[in-house]
Amino acid sequence: MNRTRVRYSDLNPRQQENYNSAKLSAILAAYGYFTMWLNDDYNGADMIALREGQEALLIKLKSRPFIGKKYRNKGLLIGLPVGD
């Protein structure tokens, strides 16, 4: 089994999106959320985070802090990598 850490910069865009999704899911799990990946964007969201008794969080994953006009005013939260 290969246990060598990957370099984010070596990943292709799809792999980076999967990586970001896994990292964000781990962070949200610490706050009691579980996440579901959406194969087909729902209202611009790439994933949904759920926590019992709370409203669903619609999350758009981005690789950089640029948000296109098509994502505005849809109630989306933006997940993007910050630092290492």
Side-chain angles (χ1 to χ4, degrees):
M1 177 185 282
N2 182 358
R3 295 176 192 251
T4 305
R5 292 185 74 136
V6 298
R7 288 188 358 202
Y8 185 80
S9 60
D10 290 340
L11 301 175
N12 67 40
R14 182 68 181 159
Q15 290 170 326
Q16 288 179 353
E17 189 173 43
N18 288 331
Y19 179 95
N20 292 339
S21 173
K23 294 287 268 190
L24 182 56
S25 292
I27 293 166
L28 289 170
Y31 293 92
Y33 287 90
F34 77 91
T35 60
M36 293 184 296
W37 180 255
L38 301 172
N39 291 327
D40 188 21
D41 291 2
Y42 169 74
N43 204 26
D46 293 313
M47 62 191 304
I48 296 176
L50 300 170
R51 182 177 176 179
E52 189 173 338
Q54 306 237 341
E55 239 181 85
L57 304 177
L58 300 176
I59 303 169
K60 178 68 182 172
L61 294 175
K62 300 299 288 180
S63 61
R64 62 190 195 299
F66 172 78
I67 303 162
K69 290 181 182 180
K70 66 182 179 179
Y71 300 118
R72 294 183 185 165
N73 302 316
K74 292 192 174 191
L76 296 171
L77 298 173
I78 306 298
L80 60 112
V82 177
D84 294 333

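- The environment of CG in Asn73 is sparse: at most 12 heavy-atom neighbours from other residues, nucleotides or ligands sit within 6.0 Å.
- Residues Ala45 and Leu58 share a closest heavy-atom pair of CB-CB, 3.9 Å.
- Residue Gln54 places its CD atom among more than 12 non-hydrogen atoms of other residues, nucleotides or ligands, all under 6.0 Å distant.
- Applying the side chain to side chain donor-acceptor pair (under 3.5 Å) rule to Arg72 yields no partners; only residues at least two apart in sequence or on another chain are considered.
- No more than 12 heavy-atom neighbours from other residues, nucleotides or ligands sit within 6.0 angstrom of OH on Tyr42.
- Cluster partners of Ile59, using a side-chain heavy-atom cutoff of under 4.5 Å among ILVMFWY residues and allowing indirect links, are Leu24, Ile27, Leu28, Tyr31, Tyr33, Trp37, Met47, Leu57, Leu61, Leu77.
- Atoms CD and CG, on Gln15 and Asp10 in that order, are 9.5 Å from each other to the nearest 0.5 Å.
- Heavy-atom minimum distance, Lys62 versus Tyr71: NZ-CE1, 4.1 Å.
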Practice problem: Could you check Leu38 against Ile48 for side chain to side chain contact (heavy atoms under 4.5 Å, CB included), going step by step and ending with a plain yes or no? | Solution: CA-CA 7 Å; Leu38 301 172; Ile48 296 176; 3.8 Å; yes
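- Applying the side chain to side chain donor-acceptor pair (under 3.5 Å) rule to Ser25 yields the partners Thr35; only residues at least two apart in sequence or on another chain are considered.
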Practice problem: Kindly indicate, with the supporting measurements, whether the criterion side chain to side chain contact (heavy atoms under 4.5 Å, CB included) is fulfilled by Glu17 and Asp46. | Solution: CA-CA 9 Å; Glu17 189 173 43; Asp46 293 313; 3.7 Å; yes
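- Nearest approach of Lys74 to Asn43, heavy atoms of both residues: CD-O, 3.4 Å.
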